[in-house]
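In what follows, a single structure is set out as structure tokens and then discussed.
Just so it is clear, the model here is predicted, and its values are computed rather than measured. Each chain gets a letter, A, B and so on, in the order its sequence line appears, and its residues count up from 1.
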There are 2 protein chains.
Amino acid sequence: MSKPTEEIVQTLKRKQLRVTPQRFAVYANLLSRTDHPTAEQILSDLNQDAPVSSQATIYNCLQTLREVGLIREVLLEEGNCRYDANVQPHHHFRCGSCGAIADIPWQALQTIDLSHLNPDWQVSGYEVTVHGTCEACQA
Amino acid sequence: MSKPTEEIVQTLKRKQLRVTPQRFAVYANLLSRTDHPTAEQILSDLNQDAPVSSQATIYNCLQTLREVGLIREVLLEEGNCRYDANVQPHHHFRCGSCGAIADIPWQALQTIDLSHLNPDWQVSGYEVTVHGTCEACQA
DNA sequence: CTTTATCTTAGAATAGTTCTTAGTTAGGAT
DNA sequence: ATCCTAACTAAGAACTATTCTAAGATAAAG
């Protein structure tokens, strides 16, 4: 999911966003990981060596990036909003023990037929959340 | 989903919970509705005619009922924890416009084969979230 | 009727997120 | 290259949802 610097810059510009060091760092960080971090985790990751961004700016950047559709939120546990730079349709696995979240490729699960649901609904998409225990937690 | 009073009392006792007016009211309220209310909505619903329960008690009751498995949380939007007295497996439809949530019976969607996922995961279940627009929001 | 562990409650405390306001800056215009 | 300004960052205050605390109340067993 990681991309070269120049590609990230172009992606941001295409969305008419100024390429600031903070915004670049937040997006690049999200692109480089698949663990669906919280705002807090991104903050501490970015600032672990040198100060890069304030907390308020992390929240601003995440909100802006979400508004333009470059990232999305993943809500699978109470009081914890996680972020994902993979905006293509895909499913999630969540470990009920440690809370870890992993992506499941769209093609890994068969397509679900939604044509027989309530006809008054205009259905635009769906996603599957698989619950279980991850390898590390099965000790 | 609504049940007679005596049945609700017995259900609570079976879980070794004291049947207090507040706890009864919270559980009965949840059983009587299918709109997946938030703690705040339950609070104002219960107290709309006469004071029945404090906010702290609503949260206490919801937590207790969840711990014994009589209700469960539904997390589909940021900062809003909703509750559901339907603890049988089922799916959800969420209107992206008004945020309304509706249940989808388990049998309404075909069963998904999870046997080819990461073999290191111990899978315990899954659920589908369908996104779209509800009837009222299609004006 | 007693007794007591459990429960309720108001208010304080906490956690996560958003708002405010002042200063800074990316990047187009000159 | 420098100027200009709308967009951006940041510190701290504010807000919102939830949990905690501690003191009094009560369900229900004996």
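Using a 4.0 Å cut-off, some side-chain N or O of A:Y59 falls inside it from OP1 or OP2 of C:dT17.
Rounded to whole Å, the distance from CD on A:Q41 to C1' on C:dG16 is 13 Å. Between A:E78 atom CD and C:dT17 atom P there is a gap of 12 Å when expressed in whole angstrom units. Between A:Q63 atom CD and C:dG16 atom P the separation is 18 Å, expressed in whole Å. Taking atom CG on B:L43 and atom P on D:dT18, their separation rounds to 12 Å, with Å as the unit. Put simply, CD on B:Q16 is 16 Å from C1' on C:dC7, counting in whole angstrom units. Atom P of nucleotide C:dT6 and atom NZ of B:K15 are separated by 18 Å, given to the nearest angstrom. Counting to the nearest Å, the C1' atom of D:dT9 and the CG atom of A:L46 are 14 Å from each other. Here the C1' atom of nucleotide C:dT17 and the CZ atom of A:R82 are 16 Å apart, to the nearest Å.
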Short heteroatom pairs, N/O only, protein and nucleotides 10-15 of chain D, under 3.5 Å:
from, atom 1, to, atom 2, distance (Å)
D:dA10, OP1, A:Q22, NE2, 3.4
D:dA10, OP2, A:S54, N, 3.0
D:dA10, OP2, A:S54, OG, 3.3
D:dA10, OP2, A:T57, OG1, 2.8

Just the table, please: protein N/O against nucleotides 26-30 of chain C N/O, every pair under 3.5 Å.
from, atom 1, to, atom 2, distance (Å)
C:dA26, N3, A:R18, NH1, 3.4
C:dG27, OP1, A:V19, N, 2.9

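Under a 3.5 Å cut-off, the side chain of A:H36 and the backbone N or O of A:T34 do form a donor-acceptor pair.
Expressed to the nearest 0.5 Å, how far CZ of B:R72 lies from CG of B:N86 amounts to 6.5 Å. Interatomic distance, A:R66 CZ to A:Q63 CD, rounded to the nearest 0.5 Å: 6.0 Å.
When side chains are defined from C-beta on, B:C81 counts as touching B:L75, because their heavy atoms get closer than 4.5 Å. For the pair B:L30/B:L70, no side-chain contact is recorded, criterion being any heavy-atom separation below 4.5 Å from C-beta on.
Rounded to 10°, the angle separating the first-five-pair axis and the last-five-pair axis of the helix from C:dC1-D:dG30 to C:dT30-D:dA1 equals 30°.
Remark: the B:H92 side chain and the B:D103 side chain contain an N/O donor-acceptor pair separated by less than 3.5 Å.
Nearest heavy atoms, A:R23 versus A:L17: NH1-CB, 3.5 Å. Summarising the geometry of B:N47 relative to B:S53, their closest heavy-atom pair is ND2-O, 2.8 Å, with the distance given to 0.1 Å.
With respect to B:R82, the salt bridge (Lys or Arg N to Asp or Glu O under 4.0 Å) criterion is satisfied by exactly one of B:E73, B:E77, B:E40: B:E77.
Within 6.0 Å of the CD atom in A:E6, the count of heavy atoms belonging to other residues, nucleotides or ligands exceeds 12.
Aromatic ring orientation, B:H91 versus B:W106: parallel (interplanar angle below 30°, classes split at 30° and 60°).
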